[in-house]
Amino acid sequence: MKFFVDTADINDIKDLAATGLLDGVTTNPSLVAKSGAPNFIELIKQICGLVEGPVSAEVGATEYEQMLEEGLFLSKLAKNIAVKVPLTPAGLKVCKHLSEQGTMVNVTLCFSAAQAILAAKAGATFVSPFVGRLDDIGENGMQLISDICQIYSQYPEFKTEVLVASVRSPQHVVQAGLMGAHVCTIPPNVIRQLFAHPLTDKGLAQFVTDWAKSGQVILPAKAA
Ligand code: E4P
């Protein structure tokens, strides 16, 4: 299961990349605006240098011609760019064009299994169903992930990976794993929550205390 971090904050990306557990990054226009970065293109190039895996950079246009032009431009910024396009007729047309020329494409704003089928047929590398936003309106985001995983598994010609997006909690990540989703894109605070358990902290504190009591050392003392 791959982990992407869902942020455009350079410091968070650097910090989490240092764990060695990060497989990629997703950004979107809202995250870019929130980061305060003055130059989107420079920001994306910098992020692409921090991780080896896919970095999703989203187009701003909504009409086909301009979206394609932007997608082609973004695709040339780095080898690990995944052009992010919205799940609209124009977005899927751009997806098909870019996929056919070997560019990774992340189809975003997916809210139904029908839309996910279209993304796979358009050759998307990733489809991003937004689970948290579905939960927010009283629907069941994780049920959508389960449905898409089941549908894709029946069609070996579908190469699209299910990228669980709009993740709000560690439970979303665990459920995504149980369902066999390929990727989760996770906000930095939720990635940090994944590490935490009170019994880990309690157990470690006890081990540290008992180790000190034992008077033992593992490494030989260094010469001054
Ligand atoms: C996906 O790539 C999006 O960036 C993201 O997951 C949106 O999540 P939100 O609903 O928390 O804005």
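Bear in mind the structure is a predicted one, so any value in this text is a computation, not a measurement. Reckoned from all heavy atoms, side chains included, excluding hydrogens, waters and symmetry mates. Both counts, for ligands and for their atoms, begin at 1 and track the order of listing.
Close approach of ligand 1 to Asp6 is summarised as follows: ligand atoms under 4.0 Å from at least one heavy atom of the residue are 1 (C), 2 (O), 3 (C), 4 (O), 5 (C), 6 (O), 7 (C), 8 (O). Near Lys84, meaning under 4.0 Å from any of its heavy atoms, are these atoms of ligand 1: 1 (C), 2 (O), 3 (C), 4 (O). Which parts of ligand 1 touch Ala165 is read off a 4.0 Å heavy-atom cut-off, strictly below it: atoms 1 (C), 6 (O). Of all atoms in ligand 1, listed by their number and element, those nearer than 4.0 Å to a heavy atom of Arg133 are 7 (C), 9 (P), 10 (O), 12 (O). When each atom of ligand 1 is checked for a heavy atom of Phe130 under 4.0 Å away, the hits are 1 (C), 3 (C), 7 (C).
When the shell of 6.0 Å around CD of Gln101 is examined, it contains more than 12 heavy atoms from other residues, nucleotides or ligands.
The closest side-chain donor-acceptor pair between Thr185 and Thr26 falls under 3.5 angstrom. If you check the side chains of Gln66 and Glu70, you find a donor sitting under 3.5 Å from an acceptor. Judged by distance alone, the side chains of Ser56 and Asn106 do bring a donor and an acceptor atom under 3.5 Å apart.
Annotation: atom 11 (O) of ligand 1 to nearest protein heavy atom, Arg168 NH1, 2.8 Å. Looking at atom 8 (O) of ligand 1, its nearest protein heavy atom turns out to be Ser166 CA, 3.3 Å.
From Tyr152, atom OH reaches atom OG1 of Thr160 across 4.5 Å, with rounding to the nearest 0.5 Å.
Linking Ile, Leu, Val, Met, Phe, Trp and Tyr residues whenever their side-chain heavy atoms come within less than 4.5 Å places Val25 and Val167 in a single cluster.
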